[in-house]
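Data first, discussion second: the structure below is written as structure tokens.
In this text the structure is predicted, and so the values were computed from the model without any measurement. Residue numbers start at 1 and run along the sequence shown.
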Amino acid sequence: MRPLILLDVDGVLNPWHRQGPDWLSVTAVCDGVAYPVVLNPEHGPLLLQLAHETGAELVWATTWAEHANREIGPLVGLPELPVIPVNSGTKAPHVHPKTPPVAAYVNRRPFVWFDDDLERADRLYLKHHENVDRFRIIDVGPRKGLRELHVEQAAAWLTSLHEEDL
Ligand SMILES: [Mg+2]
């Protein structure tokens, strides 16, 4: 089963502040509302390389939902990606609203999840969910967003999956 790489926008690709001179500072529209965002055009190539080298599939796991493909992806160098319907309304007590839709989507495929907003309760929910097998949440700090360190952690974990399967 091909692993997944779950990608958040706010706090991950769009941190609180620009992190370098090459970052874009633009306005992006979600559900008709314009938001200021800061984006790193190098993130897309970095993530595509991660997916390529590990045989994993990138998917959006963001409240931007399908807007991410139009408003965010092209600016960071990502192609159109599948979208996990995290706004779908299935909720569970004490867990982030994204977590139940993610569990429903992964269907026992291993996944890494880049997010800035997940807690112990989310890990426990996933751990005990029958639709979830192996996973690794990479906690990204929303001040700086996604950094190479996080991508390296994801690469190491995804590579270890292949070793386990041998
Ligand atoms: Mg976030």
Side-chain angles (χ1 to χ4, degrees), residues 1-15 30-31 39-40 43-74 76-142 145-166:
M1 280 201 286
R2 201 173 163 206
L4 296 159
I5 302 168
L6 276 51
L7 202 49
D8 184 24
V9 171
D10 295 324
V12 175
L13 295 185
N14 170 36
C30 183
D31 284 326
L39 298 167
N40 180 358
H43 273 157
L46 194 62
L47 290 163
L48 287 170
Q49 187 188 3
L50 171 67
H52 178 74
E53 287 178 357
T54 59
E57 182 182 17
L58 287 161
V59 296
W60 292 116
T62 165
T63 53
W64 285 74
E66 69 277 5
H67 303 285
N69 274 326
R70 200 185 56 240
E71 299 287 319
I72 306 295
V76 295
L78 286 172
E80 186 157 338
L81 303 176
V83 175
I84 299 178
V86 295
N87 302 326
S88 65
T90 330
K91 292 198 174 74
H94 314 301
V95 302
H96 194 280
K98 281 188 199 176
T99 302
V102 160
Y105 183 92
V106 297
N107 215 14
R108 302 194 65 78
R109 290 169 72 180
F111 66 95
V112 284
W113 188 357
F114 294 116
D115 203 280
D116 62 313
D117 220 8
L118 300 171
E119 308 275 355
R120 185 164 177 269
D122 298 287
R123 288 173 164 83
L124 286 173
Y125 178 90
L126 292 168
K127 192 178 165 194
H128 296 294
H129 198 290
E130 60 179 7
N131 210 35
V132 176
D133 187 22
R134 290 168 290 180
F135 68 95
R136 171 80 189 268
I137 291 171
I138 312 251
D139 294 303
V140 176
L146 184 72
R147 289 180 290 153
E148 257 175 64
L149 154 87
H150 302 120
V151 176
E152 284 162 14
Q153 287 171 1
W157 187 80
L158 288 164
T159 305
S160 77
L161 287 177
H162 295 297
E163 283 158 10
E164 268 177 50
D165 289 342
L166 288 175

Can you list every pair that meets salt bridge (charged side-chain N to carboxylate O under 4.0 Å, His left out) and has a residue in residues 117-128, with sequence neighbours left out?
Arg123-Asp139

Could you walk me through whether Leu7 and Leu78 pass side-chain contact (heavy atoms from CB on, under 4.5 Å), step by step?
CA-CA 11 Å; Leu7 202 49; Leu78 286 172; 3.8 Å; yes

With sequence neighbours excluded, tell me which residues meet side chain to side chain contact (heavy atoms under 4.5 Å, CB included) with Asn87.
Thr63, Ala65

Qualifying salt bridge (charged side-chain N to carboxylate O under 4.0 Å, His left out) pairs with a residue from residues 149-160, counting only residues at least two apart or across chains:
none

So, Arg108 side chain and Glu130 main chain: donor-acceptor pair closer than 3.5 Å or not?
yes

Across all chains, not counting sequence neighbours, the side-chain hydrogen bond (donor to acceptor under 3.5 Å, both in side chains) partners of Arg109 are Glu57

Just grab all the ring pair (Phe, Tyr, Trp, His ring centres under 6.0 Å) pairs involving residues 79-109, residues at least two apart or on different chains.
none

So, taking the atom named CZ in Phe114 and the one named CG in Asp8, what distance separates them when rounded to the nearest 0.5 Å?
11.0 Å

With rounding to the nearest 0.5 angstrom, report the CD1 to CD distance, Ile138 to Gln153.
5.0 Å

Which residues share a side-chain hydrogen bond (donor to acceptor under 3.5 Å, both in side chains) with Arg147, sequence neighbours left out:
none

Sequence neighbours excluded, the answer for side-chain hydrogen bond (donor to acceptor under 3.5 Å, both in side chains) partners of Asp10 is Asn14, Trp64

Salt bridge (charged side-chain N to carboxylate O under 4.0 Å, His left out) pairs touching residues 59-68, sequence neighbours excluded, are none

With side-chain contact (heavy atoms from CB on, under 4.5 Å) as the test, would you mind laying out the steps for Ile72 and Trp60 before giving the verdict?
CA-CA 11 Å; Ile72 306 295; Trp60 292 116; 4.1 Å; yes

I'd like to know if the side chain of Arg2 and the backbone of Gly55 have a donor-acceptor N/O pair within less than 3.5 Å.
yes

In chain order, what residues pass the ring-ring contact (aromatic ring centres under 6.0 Å, His included) check against His150, with sequence neighbours excluded?
none

At what distance, to the nearest 0.5 angstrom, does CG of Leu47 lie from CG of Leu81?
9.0 Å

Does Ala56 have any side chain to side chain contact (heavy atoms under 4.5 Å, CB included) partners at least two apart in sequence or in another chain, and if so, which?
Pro3, Ile5, Thr54, Leu158

Contacts of Pro15 meeting side chain to side chain contact (heavy atoms under 4.5 Å, CB included) (sequence neighbours excluded), chain-then-number -> Gln19, Trp23, Val38

As a test of understanding, state which of Leu58, Leu4, Val59 forms a side-chain contact (heavy atoms from CB on, under 4.5 Å) with Pro82.
Val59

For the side chain of Asn40 and the backbone of Val76, is there at least one donor-acceptor N/O pair under 3.5 Å apart?
no

Pro100 to Pro97 - nearest heavy-atom pair and separation:
CD-O, 3.7 Å

Does Asp116 reach the main-chain N or O of Val12 with its side chain, forming a donor-acceptor pair under 3.5 Å?
no

Partners passing ring-ring contact (aromatic ring centres under 6.0 Å, His included) against Phe111 (at least two apart in sequence or in another chain):
Phe135

